[in-house]
Amino acid sequence: MSQPIIVWFRQDLRLDDNMAVAACVEANAPMIALFIDDRQHERQAGAVSLWWRDQSLQALADELQRRGSQLILREGDAASQLNQLIDETNPQAVFWNRQYYAESIARDTAIKADLQARQINVESFNSTLLFEPWQIRSKTANTPFKVFTPFWKACQTHGIDTRIWDAPMQFLAPSKWPQSLALTKTNLPEGAHALDQWQPGEAGARKTLHRFLSENIHGYADGRDFPAKPATSRLAPHLRWGEISPRRLFAETSAAPVSDNDQRKFFAEIGWREFSYQTLFHNPNLKTTCLQPKFEAFPWREGAEAEDDFEAWKNGTTGYPIVDAGMRELRQTGYMHNRVRMIAASFLIKHLLIDWRRGEAWFWERLADADPANNTASWQWVAGCGADAAPYFRIFNPIIQGQKFDPEGHYTKRYIPELTGLSGKMLFSPWLAKSDLLENANVQLGQSYPKPIVEHDFARNRALDIFKALA
DNA sequence: CTCGGTTTTCT
DNA sequence: GAAAACCGA
């Protein structure tokens, strides 16, 4: 029997359309599937994302077992763990799929050099993105794009590969299996009690895609903005851990009976993911440093009052129902509807003038789909300091946004049941409602539901002044 | 004058 | 994206 190949899984927790796995199968070698919980060289995933990862690893382990194989789990510094496994199994090669943030790149580069020096064949692949982050460049300046639309156009001109590689139903096993740690289960953080709606893992990801393509994608272009509608793909957490490939999303969506408009909009969202990854790749400090340097001088609010506001934001007690509904959805479900993410993020940054990095950190902790590229790039986008960012005068009005995108109030009331009795536009500005209306609705402002922590008009003008002074 | 919708302006 | 400015009925 030939020597085994170690396939090192990281954020590609799937078998189908996994290029590292494909290379191992093509080499006709026994596969040793390895996952290392390396907490030193990657941004440690947040609490909810870790819960997801553990479920996903379990699903991967089960699937491997069904196919005559196993998942080997190790913990600690990746280089030393890999070396140890190499000593134990004498592999002919080590394969993995590339990651794109600085810590991982540095780690992987060092490992690659070390193994090559020891005559061990090492290969890395792209199984995460449609294009490598260095691949798409502007024709004229030969630089990475800083604006989404021309970037995405260039991607499409380049041509998107939609060939899918399907994994075999049986894998070759090594003559002797190395030891593996037991899979652990991360406990959910407090309040996150409604995550049973999800099915982490490759099978769950495929189910989610198929449900989306057979039902919810119809009307996606407009429907995706309405949080009460089941009109979004809900694929983000599956993509985060690589349970499904973007190539597959493209291939299957192209083959589905979907209107051009809906398809274009959905593909553009995948495009934003590509854009975020290339932005992160070219700006390794994206999490800590504003892409536009002048924002580093921003006078973010600090001190006791700002801390109270930050707590109210996290708890969903700002007194703005659409913001609070989103923040409560996040805490309870590990998810927040995209439109509401923008409203809630804008509120923290522009109404409360609290540093976007603190919002980014909270989303990172609580989102099941918290992604090192998407989360960071999107927060910079809302703050106005990112790539192709929202202009500073684009300040969401949380009252109008609620009225416009949750007109029936179904979404808002799902997470703020204490406002169930309010109907119509008043739901989004209960402090403006007549007292008998509030009484009938059984709402005691300041008790059953908070008064707004900041007045919209005041906050808007304050933000405009500061952002203008910065520019 | 006033109500509604549309256009412009805001880096 | 929102508010102010504008405009026709």
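Here is how names work: the chains are called A, B, and so on, in the same order as the sequence lines, proteins then strands, and each is numbered from 1.
Regarding A/I466, its CD1 atom lies at a distance of 16 Å from the P atom of B/dT11, rounded to whole Å. Separating the CD1 atom of A/I395 from the P atom of C/dG1 is a distance of 13 Å, rounded to the nearest angstrom. Rounding to whole angstrom units, CE of residue A/M342 and P of C/dA2 are separated by 11 Å. In this structure, A/F467 atom CZ and C/dG1 atom C1' are separated by 14 Å, rounded to whole Å. Following rounding to the nearest Å, A/F393 (CZ) and B/dT9 (C1') show an atom-to-atom distance of 8 Å. Across the protein-nucleic acid pair, A/F428 atom CZ and C/dA2 atom P stand 13 Å apart, rounded to whole Å. C/dA2 atom P lies 14 Å from atom CG of A/N461, rounded to whole Å. Per the geometry, CZ belonging to A/R460 stands 8 Å off C1' belonging to C/dG1, to the nearest Å.
Here A/K404 lies in heavy-atom contact (under 4.0 Å) with sugar-phosphate atoms only. Counting any heavy atom pair closer than 4.0 Å across all strands shown, A/I400 reaches sugar-phosphate atoms only and no base atom.
Contact annotation: A/Q292 does not reach the phosphate of B/dT11 (side-chain N/O to OP1 or OP2, under 4.0 Å). Phosphate contact (OP1/OP2 of C/dG1, side-chain N/O of A/N397, threshold under 4.0 Å): absent.
A salt bridge links A/D16 and A/R206; the closest N-O separation between the charged side-chain nitrogens and carboxylate oxygens is under 4.0 Å. For A/K185 and A/D54, the salt-bridge test fails: no basic side-chain N is under 4.0 Å from an acidic carboxylate O.
Proximity of the aromatic rings of A/F9 and A/F35 is defined here by a centroid distance below 6.0 angstrom, and this criterion is not met. Side-chain rings of A/W431 and A/Y449 stay apart, their centers remaining 6.0 Å or farther from each other. Residues A/F250 and A/F267 bring their aromatic ring centres within 6.0 Å.
Considering only side-chain atoms of A/D457, the nucleotide from C/dA3, C/dG1, B/dT11 that sits closest is C/dA3. Listed nucleotides: C/dA3, C/dG1, B/dT11. Nearest to the side chain of A/H456: C/dA3. When distances run from any side-chain atom of A/R339 to the nucleotides C/dA2, C/dG1, B/dC10, the shortest one goes to C/dG1.
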